[in-house]
Amino acid sequence: MKRVVLLGPPGVGKGTQAGLISKKYDLLHISTGDIFRANIKEGTPLGKTAAGYMEKGLLVPDELVCDLVEDRLTKDDCENGYLLDGFPRTVFQAERFDAWLAARGESLSVVLDIQASNDILMERAVGRRLCPKCGKSFHVKYDPPKAEGICDNCGSELIQRADDRAETVSKRLQVYADQTSPLVEYYKGTGKLAEVEGSRTVPEIFEDICALLGE
Ligand code: AMP
């Protein structure tokens with residue numbers, strides 16, 4: 001039973017790798033960003049609060065995110081292990097999460113830290129397109145759909161996430177450098193950190209991750 005955290009700046013491919021990992025290792029993929037986006041779509045109070053921060057590229061307040069994740073992880077479908085994508089994002093969240101796990105007699109298996117330069121990240125994020133219906137993601141240059149702007153899977157019109165626009169991406173990269181990158185040192189200190197070079201292709205990165213996670 002594995003409890004895995006995926007760490008890395010916006011646009012490094014955490015979501016893509018999370019999909020591959022959760023399938024191969026049968027881990028539940030929990031993305032805090034996806035949970036917030038679903039709440040925004042449904043117009044819930046949580047969605048309304050989160051949207052104000054997300055649109056500006058800012059982080060949603062720690063307490064709110066921690067409550068949400070802790071609540072989600074107590075559901076039965078997490079019993080075989082899970083993969084956290086986009087959480088924790090601050091040292092506060094990481095410390096509170098470790099304390100929460102410890103109180104349950106649990107601990108993380110590994111923290112996979114995927115890294116790439118800001119130039120690469122900017123290009124990847126700004127070119128990213130998503131299918132609002134089935135969730136499949138594309139990239140205008142690296143993974144284009146067969147027909148421009150249309151999902152290969154279900155034929156819906158692709159969208160660009162509001163927080164993938166150039167201005168917001170640079171803000172998110174700044175927020176990552178300021179608030180999330182200190183987590184690398186934090187997890188080094190706990191002995192859980194494994195570094196993964198994220199500037200390569202999706203299968204290459206996945207191969208490295210599999211080597212770290214084992215069969
Ligand atoms: P993501 O899809 O992981 O890039 O998340 C999109 C946005 O959701 C972020 O830019 C934040 O505004 C918010 N968010 C997601 N996860 C967290 C978190 N752990 N802490 C604070 N804000 C978060």
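Read the numbers this way: they start at 1 and go in the same order the structure lists the ligands and their atoms. These numbers were taken from a predicted model, which means no experiment stands behind them.
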Checklist entry - Mind checking whether Tyr53 and Phe36 have ring centres under 6.0 Å apart? => result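 Tyr53 vs Phe36: aromatic centres not under 6.0 Å.
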Checklist entry - Any Lys/Arg nitrogen of Arg129 or Asp164 sitting under 4.0 Å from an Asp/Glu carboxylate oxygen of the other? => result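 Salt bridge flag = no for Asp164 with Arg129.
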Item to check | Salt bridge flag under 4.0 Å for residues Asp143 and Arg128 | outcome: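 Salt bridge: no.
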Next on the checklist: When you compare the side chain of Ile40 with that of Met54, does any pair of heavy atoms fall below 4.5 Å?
Outcome noted: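 Met54 vs Ile40: side chains touch.
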Item to check | Any donor-acceptor N or O pair under 3.5 Å, side chains Glu123, Tyr142 | outcome: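 Short answer, yes.
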Checklist entry - So which protein residues pack against ligand 1 under 4.0 Å, heavy atoms counted? => result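 Within 4.0 Å of ligand 1, the protein residues are Thr32, Gly33, Phe36, Arg37, Met54, Leu58, Leu59, Val60, Val65, Gly86, Phe87, Arg89, Gln93, Arg161, Asp163, Arg172.
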Next on the checklist: Students often mix this up, so state it plainly: with edges at 30° and 60°, are the rings of Phe97 and Tyr82 parallel, tilted or perpendicular?
Outcome noted: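 If you compare the ring of Phe97 with that of Tyr82, the planes turn out tilted.
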